[in-house]
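Predicted model, so just to flag it, every value in this text is computed and none were measured.
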Amino acid sequence: MRRGRGRVPEASRIGALVALAILALTAWYAAASASRALTKPRVLAKVHVGSQPLGLTFGAGSVWAANYGSHDVARIDSRTNKVAARIPLNDGVYGLAFGAGAIWVSAFDSQFLYRIDPATNRVSARIEVGMQQAEVTATATAVWVAVFGRGDVVKVDPATNAVVARIHVGGQPEEVTLAAGAAWVPNENGTVARIDLATNTVVARIRVGADPDYAVLCRGRLWVTSLRGPRLSLIDLAKNRVARQVKVGRGSAGIACGRSAWLANYDTGRLLRIDPATRTVTGQLALGGQPRSVIVAAGSVWVSNQRLGTVTRVRGG
């Protein structure tokens, strides 16, 4: 017998329609549940930390804030949301990172990178890296500093507190982000330099938005902000090119990635939540002032605010 489609009995058609209706209802319910699960960003605490806080990091059970204006680092107890210690440095500190059991502090108006022992809340080393340092990144085996004023990226060995490499990238480097065996360096000249970690050489330069200050690895792409442009640039790490752009408005600054991507808008005073899969804004929170750096830590989102002198803890991750 030849097998063909033939006519569909009436009962079969009714059954198919019922099945389709059930599938549609299930999809609607799942979407509605997801919508309800995505709660609105809400402020959990606001901590006054000092004058003009810029960089943030998390380590040794605490959130740390670099206060450029008051020349110190504030240690926030993430259980009480209160400043537990204050470490004076007498320099306009800028960036922070945790690695090799220490807090590393860059300073814009100093030639020294500071190492803080979180067990004592004291400076345990000063390393000469160059004037006008921007952000700093640390791992267990290396510390990387973007030296804005010299166009360099400096690599420090935390085992010896010695400079082991100096890579000239030109322009005015803002930050160092580690991903895919490389160091990625946003530069005020509108590019991101890729440094090969094995050779400490620049192997690619990618044109992005105007004045890219921050970058974060999120869902396999490098998300780069643009302080003077309206869009984020998402870099394909394998191809060294911008794969997508996300319109978020002029003024994007600090960015972090958890379950969502979180973006501080320095110009509008807002914190934006972005779905990394759809690249759409799913929530906003008006903070006022000049939100600067963002980290995801201790089950929350933390945002420094340069003008208000605060670090805000926000529900989310």
Side-chain angles (χ1 to χ4, degrees), residues 45-138 143-149 154 156 158 161 174-176 213-214 253-254 256 264 266 287-295 297-298 300-313:
K46 188 174 290 187
V47 187
H48 291 271
V49 293
S51 175
Q52 298 186 63
L54 302 181
L56 294 174
T57 195
F58 182 82
S62 301
V63 174
W64 306 73
N67 292 315
Y68 177 82
S70 50
H71 295 185
D72 60 19
V73 172
R75 180 176 188 169
I76 303 169
D77 188 320
S78 59
R79 296 168 300 176
T80 64
N81 298 322
K82 293 182 179 179
V83 174
R86 197 176 295 278
I87 302 100
L89 294 178
N90 300 319
D91 283 318
V93 291
Y94 193 103
L96 290 169
F98 178 77
I103 302 296
W104 302 85
V105 191
S106 62
F108 193 78
D109 55 4
S110 170
Q111 60 184 336
F112 294 108
L113 172 73
Y114 292 91
R115 178 175 187 159
I116 294 175
D117 183 347
T120 62
N121 293 326
R122 292 184 178 180
V123 174
S124 59
R126 298 193 311 168
I127 302 106
E128 188 173 345
V129 296
M131 291 290 291
Q132 293 188 333
Q133 304 156 47
E135 290 291 340
V136 56
T137 297
V143 181
W144 300 79
V145 191
V147 185
F148 182 91
V154 175
V156 174
N161 293 326
E174 301 269 10
E175 190 184 32
V176 181
D213 287 350
Y214 296 87
Y266 188 81
L287 299 176
Q290 295 167 324
R292 185 66 179 256
S293 295
V294 185
I295 62 171
S300 300
V301 180
W302 304 77
V303 190
S304 65
N305 196 302
Q306 185 175 350
R307 192 171 72 196
L308 300 182
T310 60
V311 171
T312 302
R313 183 174 191 170

Review point. When you measure from the side chain of Arg75 to the backbone N and O of Ile87, does any donor-acceptor pair fall under 3.5 Å?
Key: no

Point to revise | Residues that Pro53 engages under side-chain contact (heavy atoms from CB on, under 4.5 Å), provided they are two or more places apart | key: Val49, Asn67, Ser304

Revision key, fill the gap. Closest non-hydrogen contact found for Gly61 with Ser78 is O-OG, 3.1 Å

Practice item. Would you give the length of the straight line joining atom CG of Asn81 to atom CD1 of Ile76, rounded to the nearest 0.5 angstrom? Key: 8.0 Å

Exercise for review: With sequence neighbours excluded, give me every salt bridge (charged side-chain N to carboxylate O under 4.0 Å, His left out) pair touching residues 46-74.
Suggested key: Asp72-Arg86

Point to revise | Set of ring-ring contact (aromatic ring centres under 6.0 Å, His included) partners for Tyr114, sequence neighbours left out | key: none

Point to revise | Heavy-atom pair with the smallest gap, counting every atom of Leu287 and Asn305 | key: O-ND2, 4.2 Å

Practice item. Indicate the atoms forming the closest heavy-atom contact of Ala264 with Val294, along with that distance. Key: CB-CG2, 3.6 Å

Point to revise | Non-hydrogen side-chain atoms of His71 and Asp91 separated by less than 4.5 Å | key: no

**Study point:** Side-chain heavy-atom pair Val311, Arg313 within 4.5 angstrom cut-off
**Key:** no

Exercise for review: Work out which heavy atom in Ala85 is nearest to a heavy atom in Asn121; give both atom names and the distance.
Suggested key: CB-ND2, 3.4 Å

Review point. Quick one: side-chain contact (heavy atoms from CB on, under 4.5 Å) partners of Thr57, sequence neighbours excluded?
Key: Trp64, Leu96, Phe98, Ile103

Practice item. Measure the CG-OG distance between Leu89 and Ser70 for me, rounded to the nearest 0.5 Å. Key: 10.0 Å

Exercise for review: Would you give the length of the straight line joining atom CD1 of Ile295 to atom CH2 of Trp302, rounded to the nearest 0.5 angstrom?
Suggested key: 7.5 Å

Revision key, fill the gap. So the side-chain hydrogen bond (donor to acceptor under 3.5 Å, both in side chains) pairs with at least one residue in residues 94-104 (sequence neighbours excluded) are Tyr94-Arg292

Practice item. Report the C-alpha distance between Gln133 and Leu113 in whole Å, list the side-chain angles of each, state the deciding distance to 0.1 Å, and finish with yes or no for side-chain contact (heavy atoms from CB on, under 4.5 Å). Key: CA-CA 8 Å; Gln133 304 156 47; Leu113 172 73; 4.0 Å; yes

Check your understanding: What's the shortest heavy-atom distance between Met131 and Gln111, and which atoms?
Key -> SD-N, 3.4 Å

Practice item. Measure across Val147 and Gly130 and return the closest heavy-atom pair with its distance rounded to 0.1 Å. Key: CG1-C, 4.0 Å

Check your understanding: Cut-off 3.5 Å, side chains only: do Gln306 and Tyr68 have a donor facing an acceptor?
Key -> no

Check your understanding: For the atom pair CG (Leu308) and CD (Gln52), what is the distance rounded to the nearest 0.5 Å?
Key -> 11.5 Å

Review point. Does anything in residues 108-136 pair up under salt bridge (charged side-chain N to carboxylate O under 4.0 Å, His left out), and if so which pairs, sequence neighbours excluded?
Key: none

